[in-house]
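These notes are about the structure you will find just below.
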2 protein chains.
Amino acid sequence: MSVNLNAAPSAPAANASLEPLKVACASCNLRELCLPVGLNSGELQKLDGLVAQRRTVPRGEHLFHNGERFEALYAVRTGFFKTCVGSEDGRDQVTGFQMAGELLGLDGISSDRHSCDAVALEDSSVCVIPYTQLEGLSREFSVLQHQFHKIMSREIVRDHGVMLLLGNMRAEERLAAFLLNLTQRLHARGFSSSSLVLRMTREEIGSYLGLKLETVSRTFSRFQDEGLMEVKQRQLRILDLAGLQALVNNSPC
Amino acid sequence: MSVNLNAAPSAPAANASLEPLKVACASCNLRELCLPVGLNSGELQKLDGLVAQRRTVPRGEHLFHNGERFEALYAVRTGFFKTCVGSEDGRDQVTGFQMAGELLGLDGISSDRHSCDAVALEDSSVCVIPYTQLEGLSREFSVLQHQFHKIMSREIVRDHGVMLLLGNMRAEERLAAFLLNLTQRLHARGFSSSSLVLRMTREEIGSYLGLKLETVSRTFSRFQDEGLMEVKQRQLRILDLAGLQALVNNSPC
DNA sequence: CGAGCGATTGACGTCAATCAACGAATGTGG
DNA sequence: CCACATTCGTTGATTGACGTCAATCGCTCG
């Protein structure tokens, strides 16, 4: 396996800020990445009835907090989020980064409370999906039910990939895997797969990868020295994709 | 948060080997830990109709392999399993240990193929839950649907806890967290929470915790020297639960 | 323009990995 | 039943990767 991630069919990305009064799932350009995959138009309409509310989250603000009552899932429409869990003694761990078309809040189902924080890394907007209603609708439409289950399962598989990364890989391999994941997801959304702008700090990358920010920074510099990529602060440019892939796949020896 | 794990109400454990011809969920002593939580007797009967098949898995054998077609979930009746993912270059990572009442195979939903190996660490038996039928039944019974979603969500939360452990904790803390998790789950199944027999090798523990087997062994020895526990091969005895908890909660400084 | 956060880089320390040897337990075949 | 093989576990010495501490640089935004 190849350090799992959310593979998805391609679709162009949406634009932020100017929020239309009503954006139906049926006309959303993320529908092939999101919950509506496979629904026919009648089903889509029903789903739209449910996803009535939108919410914008300014950069740095929480979409939800750990411990908060769980009532809805959120589909990212525009923007970028991180989720993180924390231990009593103040350590915290970024558990994921979410971009357009990805679902937030699945952790909350288990205990009716959110068990992590979700924070916008740039001005973002989400669709609010009231959870009880989603359960209801997915009892009506087996396609929706199955798609929802697939999304939860995909999250589990992704987490297992991260566990492999955290448990077995060295700093270089972790960062390479992270970059490949990120570019693949961006590519699936119609962006360039070689040029990207990071939405998160070195510290946040480090937290996700189980590294310190200095190590992330040094590893970026090493990649640049080796001609694998160009690094200008958060502006990245992949020069040697195969080289990065080789780093992930070939064991260090 | 406290390095999440599958908390569950208590229930005594079943006995192996002599497999009854028919064991109904309704009379299973794991029903308060497993899928049937909250079902009324009519619903239980329907679920029983679905869970017709049992399977025994001798120690060391696979319940399923990575890449195999996904058709059913498995509920552990007796015994003990590990699940592991592997990368191309041969490294592999234990992603979890499963005991009675826990579900295996959730990773398979996302792609219709299992994405990990499940291996019995002792002679074990499982209930086979055909997945398509489970989806059907959970469209009929919202309680079953909700319980199933909770189980998937719990798996996600558990994985996030492991990510925190792998990303932030030192060897001692990881092992302490692991032991506390294990004893809590055993306790929930009616076993002593101070005495336990490990079903897995040092290497498997190490793989789960992102450590080498020598480090696991050394850390066990240190715990013993410090009077936290008694270690005789795989036979463990917790002497100072609070001491272990302190290790997990208090940052090293 | 200056304050402040984020990023980079260097010197040094630490924890766990690696390499290696040995001991204990379990299982196999003569 | 014992010799032997094999796997699992323990322990020590050394190495190496990443963390820590610290100084500096450079954006970005009031």
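Labels below follow one simple rule: chain letters A, B, ... track the order of the sequence lines, proteins then strands, and each chain is numbered from 1. Keep in mind the model is a prediction, meaning the values are calculated, not measured.
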For atom [atom1] of [X] and atom [atom2] of [N], their distance in whole Å:
X	N	atom1	atom2	result
Met169(A)	dA17(D)	CE	P	17 Å
Gln235(B)	dG9(D)	CD	P	14 Å
Ile205(A)	dT8(C)	CD1	P	9 Å
Leu175(A)	dA17(D)	CG	P	17 Å
Lys212(A)	dC15(C)	NZ	P	14 Å
Glu230(B)	dT10(D)	CD	P	14 Å
Phe220(B)	dC8(D)	CZ	C1'	13 Å
Leu166(B)	dA16(C)	CG	P	13 Å

#### Entry: Leu175(A) side chain reached by Phe223(A) side chain, heavy atoms, under 4.5 Å
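Result yes, sub-4.5 Å side-chain heavy-atom pair found.
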### Task
Answer yes or no: is there a side-chain heavy-atom contact under 4.5 Å between Leu106(B) and Ile151(B)?
yes
### Task
Can you label the angle between the His114(B) ring and the Phe70(B) ring as parallel, tilted or perpendicular, going by 30° and 60°?
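If you compare the ring of His114(B) with that of Phe70(B), the planes turn out perpendicular.
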Which part of the nucleic acid, if any, lies within reach of [X] when heavy atoms closer than 4.0 Å are counted: base, sugar-phosphate only, or nothing?
X	result
Leu213(A)	base
Thr201(B)	sugar-phosphate
Gly210(A)	sugar-phosphate

If you check every side-chain atom of [X], which of [options] has the closest atom?
X	options	result
Arg202(A)	dA22(D), dG9(D), dA7(C)	dA7(C)
Glu214(A)	dC21(D), dA7(C), dC8(D)	dC21(D)
Arg234(B)	dC8(D), dA7(C), dT11(D)	dC8(D)
Arg170(A)	dC18(D), dT8(C), dG19(D)	dC18(D)

### Query
Between Arg59(B) and Glu122(B), is there a salt bridge with N-O shorter than 4.0 Å?
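Not counted as a salt bridge, because no side-chain N and carboxylate O are separated by less than 4.0 Å.
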Any side-chain N or O of [X] below 4.0 angstrom from OP1/OP2 of [N]?
X	N	result
Ser221(A)	dT9(C)	yes
Arg218(B)	dT10(D)	no
Thr215(A)	dA17(D)	no

### Query
Phe97(B) and Tyr208(B): aromatic ring centres closer than 6.0 Å?
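Yes; Tyr208(B) has its ring centre under 6.0 Å from that of Phe97(B).
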### Query
Taking for each residue the nucleotide of DNA chain D bearing the nearest heavy atom, is the 5' side occupied by Arg59(B) or by Gln233(A)?
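Between the two, 5'-proximity favours Arg59(B).
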